[in-house]
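Take a look at the structure set out below.
This is a predicted model, so every value here is computed, not measured. Chain naming here is simple, since letters A, B, ... match the order of the sequence lines and numbering starts at 1 in each.
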Protein chains: 2
Amino acid sequence: MARKRQSQRVTSYEVAKLAGVSQATVSRAFTAGAQIAKDKKDRVLAAAKQLNYYPNSIASSLASASTNIIAVIVGNLDNPFYVESLHAFITHLQASGKHVLSFTISQGKACDDAVLEALKYNVDAIIVTSAPLSNDLVSMTKGAGIPILLFNRSSDDPTLLSVRCDNFGGGQELGKVIYDAGARKVLILRGDPQGSTSRDRVAGFRLAVQDKAIEAVRIEEIDGNSSYDGARDAIRERFKGPNPTFPDAIYAVNDIMAIGCIDELRERFDLKFPEDIMIVGFDGIREGQLQPYKLTTIRQPINAMVLKTLELLAAIGDEEDTVKADSCVIPGRFFEGSTVTQMEQVGTKIP
Amino acid sequence: MARKRQSQRVTSYEVAKLAGVSQATVSRAFTAGAQIAKDKKDRVLAAAKQLNYYPNSIASSLASASTNIIAVIVGNLDNPFYVESLHAFITHLQASGKHVLSFTISQGKACDDAVLEALKYNVDAIIVTSAPLSNDLVSMTKGAGIPILLFNRSSDDPTLLSVRCDNFGGGQELGKVIYDAGARKVLILRGDPQGSTSRDRVAGFRLAVQDKAIEAVRIEEIDGNSSYDGARDAIRERFKGPNPTFPDAIYAVNDIMAIGCIDELRERFDLKFPEDIMIVGFDGIREGQLQPYKLTTIRQPINAMVLKTLELLAAIGDEEDTVKADSCVIPGRFFEGSTVTQMEQVGTKIP
DNA sequence: GCAGCCACTGAATGCGCATTCACAATTTTA
DNA sequence: TAAAATTGTGAATGCGCATTCAGTGGCTGC
């Protein structure tokens with residue numbers, strides 16, 4: 001049934017016949033940098049245009065063992081951060097003649113199935129953004145010689161390359177900001193408890209506020225499931241009952257949860273930010289910068305991270321294993337919104 | 001250089017040898033519904049597992065002329081509506097064993113390049129969400145026998161299948177709501193002036209408010225580029241200068257522009273919705289339902305639209321051209337937010 | 001007991017292209 | 001001018017699998 005298609009498609013043999021050359025020459029005409037005389041190439045291209053021929057990438061992939069397809073596995077498209085990342089990957093890969101095979105994983109599931117599918121298609125590389133990965137699969141990708149890269153997460157496996165933001169450093173910076181703004185009672189909204197990202201962001205924050213031994217900071221941690229709804233639920237649960245007491249500040253380890261917090265606290269308690277309570281997020285998603293939020297956060301340099309990832313990919317292609325894993329932590333950038341109380345600038349100017 | 005990979009990969013011949021069968025039998029073991037005895041199949045699968053074999057989909061695609069890949073071309077990932085659509089496509093296609101090759105098109109560009117790339121990969125179908133398409137390309141897809149479907153847009157070409165929301169009807173409904181709420185001076189924020197979507201939504205709206213001959217409605221139209229920033233710019237421009245006068249209501253033909261309007265008007269004039277000015281959007285994106293917006297809108301049934309699209313795809317596979325194009329307009333659903341003045345309910349209950 | 005049928009299997013072939021190899025047609029060098 | 005290097009080309013081959021075709025063996029029914 002699907003069979004008729006192949007007869008409809010023009011092949012390089014037909015072009016070769018029309019152009020009066022061999023099929024090999026047609027192939028060369030469409031291969032950048034191939035050895036072919038200019039006049040023949042022109043003749044081939046003219047014949048190809050006349051017949052409406054375009055190369056069959058599938059056949060080409062089979063013959064050359066390179067598909068020009070990159071698999072991008074996205075953990076959670078409900079989080080705009082991953083949407084923006086996927087967008088950046090598609091845009092940049094498209095610009096360099098590659099293609100993106102997209103997979104999504106529902107929250108909390110392993111991405112093993114997606115990786116396996118990607119392997120079947122012999123993709124040139126696999127990029128995993130969040131989502132856990134089993135060791136078996138990693139060894140299968142190694143067996144297949146297909147590079148696999150982690151984006152925005154790290155792994156205990158040191159042979160796995162990963163590109164991520166400096167989550168620890170970013171957390172630290174936010175901790176400092178929150179402390180300097182005077183918060184001494186802080187609620188931390190964690191994301192995925194398994195994930196390295198949430199863990200690092202919390203650890204950096206804690207270090208920063210505990211460093212300041214001048215005055216103790218009381219910290220409480222709850223889980224927000226890395227999602228808007230999860231955050232709202234967690235906040236609702238935490239502050240249920242009559243007359244809840246609020247912390248001085250909330251640190252949500254990603255922006256989408258911070259937004260959930262704000263919405264929930266505004267709706268139920270009509271709280272003002274930062275007057276009643278301060279809040280910071282992490283990621284720098286567009287939604288956080290909408291006028292009703294103006295969230296103070298650490299902006300992840302998505303573009304730089306994506307470019308770095310693609311750079312690594314290219315490097316792997318060149319010389320197998322010479323890539324240093326430590327070069328792949330990129331600093332985030334503090335974004336001053338209006339959800340943290342402004343202190344007098346003098347203090348922060350001390351070198 | 002990329003060459004070594006192929007030697008690493010286990011092939012069906014090796015599995016065949018280990019299992020003591022022919023390669024053809026291995027192929028059958030991995031083909032659902034193929035004629036193969038149970039014991040042989042078990043033996044093959046065991047051997048495959050032992051060798052870590054998995055079929056090469058590229059080779060399989062070449063041999064069978066079906067890739068199980070669907071190209072999804074997304075016009076504008078800055079608009080959350082398209083993000084949600086892409087997400088839905090990926091999720092549903094993944095569930096049925098298909099794969100998504102994603103392309104994005106920058107605003108206003110034609111999607112010809114992406115279509116051509118998709119053709120090269122011999123995809124099973126091409127889905128285009130927004131973005132214009134040249135006639136040449138359409139005929140090429142026909143020549144290649146690859147179905148092409150429009151999502152959320154229509155075309156003058158009647159042979160092109162398209163699935164979309166009832167934009168005209170939705171616009172009409174919003175017009176009615178706005179009129180009934182008492183608005184007599186309305187500003188319409190158009191999207192892409194070329195696109196059928198914006199046009200239909202405006203036309204329906206106009207019909208509804210002009211229908212009510214009781215009292216004339218003054219309508220003004222400006223362009224918002226279908227984007228958040230575009231809407232903010234348009235609003236800023238429109239209401240610059242001292243003491244601008246505002247309309248009773250704004251109709252943004254999509255939610256993301258409505259949000260841009262709200263942000264701009266809040267920030268510069270501290271307007272309240274719906275007290276100072278009413279506003280409605282179209283799409284029903286998640287952002288519009290955040291607590292600070294609660295946008296009144298028409299929600300596009302993305303899931304239903306996506307499922308319908310995939311259904312059409314399946315139908316095309318079965319029996320060439322028997323698909324009726326008119327069955328593909330799906331009604332949207334009015335979502336009552338809090339950006340339109342509530343009227344007493346009595347009036348609306350009149351049959 | 002034999003024709004006929006069915007379920008299954010393996011050998012062979014081709015999908016469309018890239019690539020290797022050998023060779024012809026140049027051009028360069030000795 | 002002969003030899004060597006260079007460039008360009010076509011024939012042949014294989015990438016890994018699905019599929020067709022021609023069986024083989026077991027079964028049923030008469």
Side-chain angles (χ1 to χ4, degrees), chain A residues 1-17 19-44 48 51-68 119-124 144-145, chain B residues 1-17 19-44 48 51-68 119-124 144-145:
Chain A
M1 53 175 84
R3 168 137 294 261
K4 59 188 60 162
R5 182 181 309 155
Q6 61 201 48
S7 62
Q8 298 172 348
R9 186 155 186 168
V10 182
T11 72
S12 56
Y13 281 96
E14 302 171 50
V15 176
K17 201 163 120 194
V21 298
S22 72
Q23 178 272 326
T25 300
V26 175
S27 171
R28 288 183 185 111
F30 281 92
T31 305
Q35 204 179 44
I36 183 176
K38 177 142 190 353
D39 60 329
K40 296 245 173 183
K41 181 167 182 174
D42 291 346
R43 225 162 69 212
V44 170
L51 294 179
N52 246 332
Y53 167 82
Y54 45 93
N56 182 332
S57 297
I58 295 289
S60 149
S61 299
L62 220 215
S64 70
S66 159
T67 52
N68 277 329
L119 286 179
K120 287 187 189 168
Y121 277 89
N122 227 336
V123 296
D124 288 355
Chain B
M1 52 177 86
R3 167 137 293 262
K4 60 190 61 161
R5 183 181 309 155
Q6 60 200 49
S7 61
Q8 299 173 347
R9 187 156 183 166
V10 182
T11 73
S12 56
Y13 280 97
E14 302 172 49
V15 175
K17 200 162 120 193
V21 297
S22 73
Q23 178 270 328
T25 299
V26 175
S27 172
R28 287 193 261 261
F30 281 91
T31 305
Q35 203 178 46
I36 183 175
K38 177 141 191 353
D39 60 327
K40 296 245 174 182
K41 181 166 181 173
D42 292 345
R43 225 161 69 212
V44 169
L51 295 177
N52 246 330
Y53 167 83
Y54 46 94
N56 183 333
S57 297
I58 295 289
S60 148
S61 298
L62 221 214
S64 69
S66 159
T67 52
N68 279 328
L119 286 179
K120 287 187 189 169
Y121 277 90
N122 228 335
V123 296
D124 288 354

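For S60(B), the listed nucleotide lying nearest its side chain is dA18(D); candidates were dA18(D), dA11(D), dT19(C). Which of dC17(D), dG14(D), dG8(D) sits closest to the side chain of Q35(A) comes down to dG8(D). You'll find that the side chain of L62(A) is closest to dC15(D), out of dA18(D), dC15(D), dC17(D). Side-chain atoms of T25(A) lie closest to dG10(D) of the nucleotides dG10(D), dG16(C), dA18(C). For T11(B), the listed nucleotide lying nearest its side chain is dC17(D); candidates were dC17(D), dT9(D), dT9(C). Side-chain proximity of I36(B) to the nucleotides dT9(C), dA18(C), dA18(D) is greatest for dT9(C). In this structure, of dA18(C), dA18(D), dG16(C), it is dA18(C) that holds the atom nearest to the side chain of Q23(A).
The end-to-end axis angle of the helix from dG1(C)-dC30(D) to dA30(C)-dT1(D), rounded to 10 degrees and based on five pairs per end, is 30°.
A sub-4.0 Å separation between OP1 or OP2 of dC17(C) and a side-chain N or O of Y53(A) is present. Residue S12(B) has no polar side-chain atom (N or O) positioned under 4.0 Å from OP1 or OP2 of dG16(D).
At a threshold of 4.0 angstrom between heavy atoms, the contacts of A24(B) include nucleobase atoms, whether or not backbone atoms are also involved.
With rounding to whole Å, R9(B) atom CZ is found 9 Å from dG16(D) atom C1'. Distance, D39(A) CG to dA25(C) P: 16 Å, rounded to whole Å. The interatomic distance linking Y13(B) (OH) with dG10(C) (C1') rounds to 11 Å, in whole Å.
Checking S22(B) against T25(B) by side-chain atom types alone, a donor-acceptor pair falls below 3.5 Å.
Here the side chain of S12(A) pairs no donor or acceptor atom with the backbone of S27(A) at under 3.5 angstrom. Formation of a donor-acceptor pair under 3.5 Å by the S61(B) side chain with backbone atoms of S57(B) is found in this model.
Nearest approach of T67(A) to D124(A), heavy atoms of both residues: N-OD1, 3.1 Å. When all heavy atoms are compared, the tightest approach of Y53(B) to T11(B) is CE1-C, 3.6 Å.
Between S57(A) and A37(B), the residue whose closest nucleotide on DNA chain C is further toward the 5' end is A37(B).
Side chain R43(A) to base dT9(D): no donor-acceptor pair is found below 3.5 Å.
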